[in-house]
Amino acid sequence: MKFNRISAGMMVLAGFLGAGLVSVEASAAESESLVVSAPQNELIVEIHSAMLHPMSDSVDALSDDHWFEGVSLGLGYDLSYLVLPGLRGFVLYEAVGKSQERFDGALDLDWMRQVVMVAADYGPDLWGFVRPSVRVGAGYATQKLHLTTNRAESTRPSDRTHDLAATGAVGLELYIPFGDDPAGSLFFNKVTLGLGGHVGYMFQTAAEFDELTRSGDSWQQEPLQLGALDMNGLYWNLGLTVRVRF
C-alpha cells in the first residue's frame, strides 16, 4: 500500500515536471519565432532614366516626335509593417527637357519640366528576386520656356508655369536576393541592387505660357503669348534600384 502511494506521488510529480518542460519549450519556440519575424525597416532609392510622350499637338513646336527625355529619382520607405504588406511610400522627382531649333537656327526653344510627387507603390516580393507593382502619385509641376532669337541672349523672352500633376503606372523590379547567412557579409544581408522600371500615364494641368517677358531689356514691351501647352501623355522609366535594410 505504501509502495502504491509512493508510485502515485512520483507519477503526479513527473506529470507536473513534464507539463512544465512542455510549457518552457513552447515559450522558447514562441520567442524564437518572434525574433525571426521581427520587422526590418527598409529604404528604397531609385535612379532612373525617364521618357515622356505627350499626346497633344500643342507640343509640336518643342519636338517633332513628341519624345522628351530626362531623369527620374525616388526615395521610398517600406510600409509593410506599419500599414499593409507590400506597400511603399515614395517621394518622387522627375525632370525632362528639350532644346529645339526652328527657322534654320533663327529661333531656339529651351523647355524644361520638373515634377515633385508623393506616391504609394504596392506589390509583393515573389521568389525573393521579383517585385511587380502598381504606383499612383500626385504632386506639383513647374515648366520653364526660353525663346532665343538673333538678339542677345540676355534679353530672351522666358516664362515659368506652376501646375498640378498626377500619375498612374505599373512597374517591375528584378533584384539580387538579400543574404540570409548570419556568418556572411553584413553588407549583402542589408543591401541589395536591382533593375526596375515603370510604364504609365502622366496627368497635368495645362500650362499657360502667356507672360513671356524679356529680362534686361530697357524698352517696355508687351509680353508674348504662346497659349497653352498640354503635357498629358505616356511615360516610362528604367534604371537602378537600391534597397537598404536597417
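We use all heavy atoms of the structure for the numbers below, so side chains are in, but hydrogens, waters and symmetry mates are not. For this chain, numbers begin at 1 and follow the sequence in order.
If you take OG1 on Thr241 and CD1 on Ile176, they are separated by 11.5 Å, rounding to the nearest 0.5 Å. With rounding to the nearest 0.5 Å, the separation of CZ in Arg113 from OG1 in Thr161 is 10.0 Å. Of the inter-residue distances, the one linking Arg160 atom CZ with His146 atom NE2 reads 7.5 Å to the nearest 0.5 angstrom. Taking CE of Met117 as the reference point, atom CG of Leu164 lies at 10.0 Å (rounded to 0.5 Å). Once rounded to the nearest 0.5 Å, the distance linking CG of Leu75 with CD1 of Ile47 reads 10.5 Å. Atom CG of Leu229 sits about 10.5 Å away from atom CG of Asp60, to the nearest 0.5 Å.
Note that Arg243 lies outside the cation-pi zone of Phe178, set by a 6.0 Å cut-off to the ring centre and a 45° limit from the axis.
Under the 4.5 Å side-chain criterion, counting only non-hydrogen atoms from C-beta, Pro54 is in contact with Phe68. A heavy-atom distance below 4.5 Å is not found between the side chains of Leu92 and Val118. For the pair Asp163 and Gln143, the minimum side-chain heavy-atom distance is below 4.5 Å. Contact annotation: the side chain of Glu46 approaches that of Phe90 to within less than 4.5 Å [non-hydrogen atoms, C-beta and beyond]. Looking at heavy atoms from C-beta onward, Leu145 lies out of side-chain contact with Asp159 at the 4.5 angstrom threshold. Side-chain contact between Gln100 and Asp64: present, with at least one pair of heavy atoms (C-beta onward) separated by less than 4.5 Å. A heavy-atom distance below 4.5 Å is not found between the side chains of Glu69 and Lys98. The shortest distance between side-chain heavy atoms of Trp67 and Val59 does not fall below 4.5 Å.
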Under the side-chain hydrogen bond (donor to acceptor under 3.5 Å, both in side chains) criterion, do Glu42 and Tyr77 qualify, and how do the steps go? CA-CA 6 Å; Glu42 185 174 320; Tyr77 181 76; over 6 Å; no

Criterion side-chain hydrogen bond (donor to acceptor under 3.5 Å, both in side chains) on Tyr235 and Ser72, from CA distance to verdict: CA-CA 11 Å; Tyr235 79 94; Ser72 175; over 6 Å; no

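Residues Asp78 and Arg88 share a closest heavy-atom pair of CA-CG, 4.2 Å.
Under 3.5 Å, the side chains of Asp110 and Ser99 contain a donor-acceptor pair of N or O atoms. Inspection of the Asn41 and Tyr81 side chains reveals no N or O donor paired with an N or O acceptor under 3.5 Å.
Atom OH of Tyr140 is surrounded by more than 12 heavy atoms from other residues, nucleotides or ligands within 6.0 Å.
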